[in-house]
Amino acid sequence: MASETTLTDLPSITPEQCDDQLSDYIRHNDWEGVLLTLRIMQQLEFVQTEQTFLKCLQATSSSTNSTDNSLLVEVWNALKQTVEPTRMHVEYILDHCSSMSSRDDDDDVWSLLRQSSQTHNDAIQVLCRRGQWKWALREWKLFQQRESGHNASAIDSTQAETYRALWNVCIHAKDCPIETLLSLLQGAEAILTAADVLELLQMAAPQQSWRTVWTFWEFLRQHHAAKLTLDCYHAILFHRHVPLTTAQSLLRDLQRTQSPTIETYNRVMYLAQRERNVPLVLQLLQELQQKYNLAPNAVTYTHVVRACLQDRQWKRALVVFEVAQDKLGRLDVYLYTAAMEACVALKQSGRALQLLDEMKQQKIVPNSFTYRVAMQAAPHRALEFLHELKATSDDASIPLITYNAALQALAQTAKQQAKEPHVATTTTNTTNSANETTPVWQYAVNLLEEIKQQNLQPDGFTYNAVIMCCCHGPWELALQYIQEMQDSSQPPNRLVYTAAIASCGKHGQADHALHLLAQMKRNKIQPDLVAYNAVFTALRVAHRPEQAWQLWNELLEQGTAQPKTLMLTRTEEAGVPKRQYSSGKANLLPDIITITEVIGALAGADDSEDYQTQVDGILAYAVARKLLLNGFLDSSNEINLSGLTFSVARAACRYLLKHYEHVDNQELTLITGVGKQSNKTSLRDYLQAWLEQEFGLKSSIPRFAQGTLVISSESLLRRASRS
DNA sequence: GTAGGGTTAG
């Protein structure tokens with residue numbers, strides 16, 4: 001509309017006026033006016049500034065008429081005559097073409113950008129920054145094709161920069177296939193310097209899956225072997241998922257061209273200890289010293305000690321610890337903690353606590369790991385340790401696992417106290433020693449409160465420990481906590497249910513125990529043997545023989561599924577085998593505890609014939625499973641009864657006398673043990689009296705075998721003829 | 001370079 005007048009004014013126009021005019025046209029979306037003005041400016045050789053360029057582009061790209069690129073192309077071409085486009089201009093162009101990733105008809109714009117290497121490069125980098133790796137890659141390939149056509153000279157720094165940007169976006173893109181990454185590498189062999197290779201590895205390794213990183217590594221080994229420095233090896237060695245065997249071969253591989261450092265060895269040793277490969281860890285320890293004259297540091301020794309711990313070679317762990325002490329002088333908290341773990345495993349609590357003192361003296365601050373072990377060493381001091389930890393740790397927040405350890409320690413203390421009430425375990429309380437009458441469970445309840453106040457979410461471990469404390473306090477709390485968990489996002493698991501059952505059971509709350517058992521089944525949690533055993537305890541304490549018998553049969557029906565042979569996984573060396581609890585339906589085979597509890601529960605019943613048959617059946621089962629009376633099956637005349645409860649021993653004797661094939665002139669020896677506790681009747685004395693009373697059998701205690709009862713052949717014969 | 005739970009008992 002205003003175009004005509006502008007043309008007539010042409011001779012007298014100034015650059016400033018042109019610019020004003022331009023702004024005016026832009027404001028009114030008059031694109032013809034804009035182009036006309038630009039052309040006039042060219043004709044008059046007014047130098048357009050970068051600002052002009054930007055202003056026009058900005059206006060064009062935000063114009064509503066964005067379906068057509070021709071205007072943009074025109075503006076661009078008009079401007080480019082006098083101004084060199086910069087990255088920012090390219091960016092505006094790409095802004096305008098934001099839908100480019102889904103359309104091919106932006107090719108006219110792309111041909112603009114491809115006109116010079118400069119803008120082409122800029123465009124690729126912009127795409128990279130926007131995460132549009134597919135488009136960036138396409139342009140990069142075009143770019144390379146063109147460059148390789150006429151220019152074989154060295155790659156300039158802009159191109160290297162572009163390449164790295166591209167690489168960066170591709171390795172971070174979730175949907176970028178490894179083939180693409182490799183092809184990207186293939187095209188850039190000239191670009192990659194040793195520093196690049198390292199940078200790429202360090203960038204890729206933590207982000208990518210192990211498979212990807214490894215493929216990448218193999219490629220680099222093939223094409224860039226000379227560029228693989230020690231740091232490159234480290235980048236891949238420190239990948240989260242590097243397998244031990246690969247780490248080993250990487251170590252061997254790098255040894256051919258460079259010298260590993262202590263960090264190299266530490267990493268491989270770390271991986272080895274995780275797989276409890278003690279021999280390998282020790283071999284590496286030796287190798288790094290002898291072959292490379294490297295000095296093991298605290299980390300190195302920690303891995304060695306931990307390898308021993310993992311393999312349950314606790315004495316050896318302590319030996320290594322002492323070696324470390326010798327060689328290093330000053331140790332660190334990891335080493336001390338690991339050594340304390342070994343002491344606890346060896347039941348050398350005193351030594352563990354001694355180490356704790358020692359580290360404090362050395363001004364090595366114990367942390368939550370250390371105190372967790374300390375709590376195991378001295379459960380009755382758990383609260384004291386917790387207190388210490390709060391006082392010394394800088395962030396003042398205690399991890400849940402540490403609280404849980406304290407609660408576990410409290411549970412253990414409560415159990416201990418219940419067992420030996422006269423032995424005072426007073427030190428549970430640190431703040432006021434006057435308060436010795438506070439029951440342990442109360443501390444547990446308080447601690448649970450504290451956990452909640454700290455905004456920590458108590459977990460199964462927490463409740464399990466708290467409920468175990470309630471075994472020795474108000475059992476109602478167990479039910480309350482089960483309910484609490486059910487109402488929360490953390491429903492009770494098998495162990496929590498079991499603890500609750502045990503808690504009720506100890507108090508003779510058989511109905512609640514049975515109810516909990518039913519409840520866990522309802523909630524699709526398969527009770528395991530430990531849970532069943534806890535229910536049997538409840539039935540025994542509550543004197544419920546009928547229900548015990550019923551449950552026993554229920555258990556037998558389920559438990560016949562697959563007898564499981566427990567295998568010890570270690571074959572070599574002297575690692576102490578680990579005691580395993582197996583869970584699930586497959587392992588509902590009654591064990592000696594089941595037998596003890598069921599018989600204990602039935603023993604309360606009268607001596608009816610039913611009862612005799614029931615107990616006899618249980619005994620037959622137990623003997624067949626070799627849970628009891630080993631030796632009976634081998635027709636030995638020595639039978640071990642030691643360690644049995646009175647009722648089980650009684651049932652066993654009854655069974656024995658009924659089924660024992662008496663060989664002429666052979667006496668029968670019952671091994672009972674002497675019985676250590678002076679204040680209690682020993683099994684030996686109890687059985688001796690009972691045998692006489694029940695069967696009129698006289699037995700003697702040989703002078704040199706005080707832990708046995710011998711029934712003479714004559715007595716046995718006499719009894720046989722009587723019945 | 002670190003972490004974990006349970007049942008019986010004259």
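A, B, ... follow the sequence lines: proteins, then strands. Residue 1 opens every chain.
The phosphate of B:dT2 (OP1 or OP2) has no side-chain N or O of A:R274 nearer than 4.0 angstrom. Checking the phosphate oxygens (OP1, OP2) of B:dA9, no side-chain nitrogen or oxygen of A:K419 falls inside 4.0 Å. Of the side-chain N and O atoms in A:R540, none sit less than 4.0 angstrom from OP1 or OP2 of B:dT8.
When rounded to the nearest whole Å, the span between CG of A:L683 and C1' of B:dG10 equals 10 Å. Whole-Å rounding puts the A:I593 CD1 to B:dT7 C1' distance at 5 Å. The distance between atom CZ of A:R684 and atom P of B:dG10, rounded to the nearest whole Å, is 18 Å. One atom, CG of A:N367, and another, P of B:dA3, lie 12 Å apart when rounded to the nearest Å. For the pair A:N493 CG and B:dG4 C1', the interatomic distance rounds to 12 Å; values are reported in whole Å. When rounded to the nearest whole Å, the span between CZ of A:F238 and P of B:dG1 equals 6 Å. For A:M520 and B:dG6, the CE to C1' distance is 11 Å, given to the nearest whole Å. Between the CD atom of A:Q310 and the P atom of B:dT2 there is a distance of 10 Å, rounded to whole Å.
Checked by distance alone, A:N404 brings no side-chain donor or acceptor within 3.5 Å of a matching partner on the base of B:dG5. Contact annotation: side chain of A:D528 to base of B:dG6, donor-acceptor pair present below 3.5 Å.
Once rounded to the nearest 0.5 Å, the distance linking OG1 of A:T708 with CZ of A:R684 reads 8.5 Å.
Nucleic acid contact for A:A298: base, since at least one base atom lies under 4.0 Å from a heavy atom of the residue. Across all strands, A:V496 comes closer than 4.0 Å to base atoms (heavy-atom distances). In this structure, A:T402 reaches the bases: a heavy-atom distance under 4.0 Å links it to at least one base atom across the strands shown. A:T537 comes within 4.0 angstrom of sugar-phosphate atoms only, judged by non-hydrogen atoms across all strands, and of no base. Residue-level contact check: A:F461 touches the bases, meaning some heavy atom is under 4.0 Å from a base atom. Base engagement by A:S368 is indicated by at least one non-hydrogen atom pair under 4.0 Å involving a base atom. A:T498 comes within 4.0 angstrom of a nucleotide base, judged by non-hydrogen atoms across all strands. Among the atoms of the strands shown, none is found under 4.0 Å from any heavy atom of A:G600. If you check every strand for non-hydrogen atoms under 4.0 Å, A:D459 touches a base. Using a 4.0 Å heavy-atom distance criterion, A:M468 is classed as a sugar-phosphate-only contact.
With B:dT2, B:dG5, B:dT7 as the choices, the nucleotide that has an atom nearest any side-chain atom of A:K415 turns out to be B:dT7. Taking every side-chain heavy atom of A:P399 into account, B:dA3 is the closest of B:dG4, B:dA3, B:dT7. You'll find that the side chain of A:Y334 is closest to B:dG1, out of B:dA3, B:dG1, B:dA9. Nearest nucleotide to the A:T645 side chain, out of B:dA3, B:dT7, B:dG10: B:dG10.
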Just do the ring pair (Phe, Tyr, Trp, His ring centres under 6.0 Å) check on A:F321 and A:Y301 with the steps written out, would you? CA-CA 7 Å; A:F321 174 74; A:Y301 282 114; 9.8 Å; no
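No more than 12 heavy atoms of other residues, nucleotides or ligands lie within 6.0 Å of NZ in A:K327, so this atom counts as exposed by the packing criterion. No more than 12 heavy atoms of other residues, nucleotides or ligands lie within 6.0 Å of NZ in A:K347, so this atom counts as exposed by the packing criterion. Applying the 6.0 Å contact sphere to NZ of A:K315 captures no more than 12 heavy atoms from other residues, nucleotides or ligands.
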Quiz: residues 468-482 of chain A side-chain donor-acceptor pairs under 3.5 angstrom, not counting sequence neighbours:
none

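Stacking between A:Y270 and B:dG1 is absent: the aromatic ring centre is not both under 5.5 angstrom from the base six-membered ring centre and within 30 degrees in plane angle.
Aromatic ring orientation, A:F238 versus A:H234: perpendicular (interplanar angle above 60°, classes split at 30° and 60°).
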